[in-house]
Protein chains: 2
Amino acid sequence: MNNYTRMLREHHLKATPQRLEIANALDCNGHMTIEKLYEVMLQKFNSISLATIYKNINIMIENAFIQEVKIPNEKSVYELSKERHSHVVCTKCNAIKDIMLDLSQTTQLASQVSHFKIDKADLVLSGLCQKCQQL
Amino acid sequence: MNNYTRMLREHHLKATPQRLEIANALDCNGHMTIEKLYEVMLQKFNSISLATIYKNINIMIENAFIQEVKIPNEKSVYELSKERHSHVVCTKCNAIKDIMLDLSQTTQLASQVSHFKIDKADLVLSGLCQKCQQL
DNA sequence: CTGGGTGCAAAGTATTTGCATGAAC
DNA sequence: GTTCATGCAAATACTTTGCACCCAG
C-alpha cells in the first residue's frame, strides 16, 4: 500500500486510481487550479470527467485531505493539507510559495480587539517574485 | 455635489444613480455579496439588471473604488476602499468585522524569507464572534 | 457482496457580452 | 454632442446532480 493510499484512508476516502493521481499531482505541483488539475489528470485518464474532479475536490475538502487557497484576482488553487502556513504570490507570473510565519501574536491581538474566538488565520501576501523583480 | 459623487469621480467613474446607490449600500452595510447588493439595489431601482451590478462591481474594482474580500468557505464580499485593514469573520453567523493590525513586521520577515518584493498582505481571521461564542 | 466512485449528459448557477437606448458631463 | 452606462437577452463559464455501470474494500 503506497503513501497516498494510506493518506487517503486516514481521511476516510477510498483510494481510487483517480484520487491517487489527484494526490500525486497536488503533491508534485504544490498548488493547482481545477483547470490545471483537469489538464494533468487527462494525461493519465483520457476519459476522466470534470464532474469527477469536482466531486473529488469537494469531498477531499470536506474530509480535510486538501485545502482551498483563495487568492486575490486569481482563481482558487488547491493543496494537500499540511502544517498551517501562509502564501506568497507573484502578481506577475502567478507563482505561489508556501511560507511559515508565526501569526500567534497577531492572532492573539486580533482576538483581544475583536472579541472573537479565533482559530484560523489565512494570510496571502502579494508582490513580485525574485525573477519578476529583475525584468 | 454629494460625497459619493466626488468619491466616484476621484476614481474616474461617472456618477450615475445606480453607482451612487452601490456606494451608499456598501458604505452603510460594510461588506456585501453580489447577491445581497442586488437585492438592496432592487428596492431603489425596480428594473436594475444583474449585468449592471456586475459591470459596475468590475469597473469599480479596476478603478480601486472598491475591493473584493475573499473569505474561506463563503462567497466574496465587496467593500469601499479604505485604509488597509484585515478581516475577522464568524464561521457561524458570517459576521465580518474590520480590524486594524500592524502586519509590517510579518510582511518584512516574509519578504526576507521568500525573496519576494511584497506590497500587499491580505489576512482573514476565522472564528466565533462574541454572540456566537455564548450559544 | 456492498457501498461508494466513475463517466456521461443534463441541469443549475454565476458571470460576461452585444446591442439599442438613454443619461452624464 | 460625445462618451459611456443601462437593461435586456443571449452567450459563456463554472459547478452540481442523476443515473447506470463498475470497482475498492
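Computed from a predicted structure; not experimentally measured. Numbers restart at 1 for each chain; the letters A, B, ... are given by sequence-line order, proteins then strands.
Between A:Lys55 and A:Asn58, every side-chain heavy-atom pair lies at or beyond the 4.5 Å cut-off. Residues B:Val77 and B:Met32 have side chains not in contact (no heavy-atom distance under 4.5 Å, counting atoms from C-beta outward). With contacts defined as side-chain heavy-atom distances shorter than 4.5 Å, the pair B:Phe65/B:Leu80 qualifies. Under the 4.5 Å side-chain criterion, counting only non-hydrogen atoms from C-beta, A:Leu8 is not in contact with A:Lys14. A heavy-atom distance below 4.5 Å is found between the side chains of A:Val124 and A:Pro72. Inter-residue side-chain proximity for A:Glu21 and A:Phe45 is flagged as met; some heavy-atom pair is nearer than 4.5 Å.
Between D:dC8, D:dC14, C:dG7, one nucleotide has an atom nearer to the side chain of B:Ala51 than all others, and that is D:dC8.
Between B:Cys90 and A:Phe116, the shortest heavy-atom contact is N-CE2, 3.6 Å. What you find for A:Glu74 and B:Lys70 is that their closest heavy atoms are O-NZ, 2.7 Å.
Here A:Asn63 pairs with A:His11, A:His12, A:Leu13, A:Ile59 under the side-chain contact (heavy atoms from CB on, under 4.5 Å) rule; sequence neighbours left out.
For the residue pair B:Gln18/B:Thr52, the side-chain donor-acceptor check at 3.5 Å is not satisfied.
Five base pairs at each end of the helix from C:dC1-D:dG25 to C:dC25-D:dG1 define two local axes, and these are offset by 60° (rounded to 10°).
Taken residue by residue, residues 55-78 of chain B places heavy atoms nearer than 4.0 Å to DNA chain C at B:Lys55, B:Asn58, B:Lys75. Against DNA chain C, the stretch residues 33-45 of chain A makes no heavy-atom approach under 4.0 Å. For the segment residues 7-21 of chain B, the set of residues with a heavy atom within less than 4.0 Å of an atom of DNA chain C comprises B:Arg9, B:Lys14, B:Ala15, B:Pro17, in numerical order.
Using modelled atom types, one side-chain atom of B:Asn29 and one backbone atom of B:Ala25 make a donor-acceptor pair closer than 3.5 Å.
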In residues 94-107 of chain B, what donor-acceptor pairs under 3.5 Å come from side-chain atoms, sequence neighbours left out?
unit_1, atom_1, unit_2, atom_2, d
B:Lys97, NZ, A:Ser114, O, 3.1
B:Asp98, OD1, B:His31, NE2, 2.8
B:Asp98, OD1, B:His85, NE2, 3.3
B:Asp98, OD1, B:His87, NE2, 3.3
B:Asp98, OD2, B:Lys82, NZ, 3.0
B:Asp102, OD1, B:Ser104, N, 2.9
B:Asp102, OD1, B:Ser104, OG, 2.7
B:Asp102, OD2, B:Ser104, OG, 3.4
B:Thr107, OG1, B:Leu103, O, 2.7

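Protein atom CG of B:Leu50 is 13 Å distant from nucleotide atom C1' of D:dT6, rounded to whole Å. Distance, A:Ile53 CD1 to D:dT16 P: 13 Å, rounded to whole Å.
At the phosphate of C:dT16, neither OP1 nor OP2 sits under 4.0 Å from any side-chain N or O atom of B:Tyr54.
Residue contacts shown for B:Thr52 include a base, since a base heavy atom lies under 4.0 Å away.
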Practice item. Show the numbers, then the answer: is there a side chain to side chain contact (heavy atoms under 4.5 Å, CB included) between B:Leu26 and B:Glu79? Key: CA-CA 6 Å; B:Leu26 292 181; B:Glu79 65 183 8; over 6 Å; no
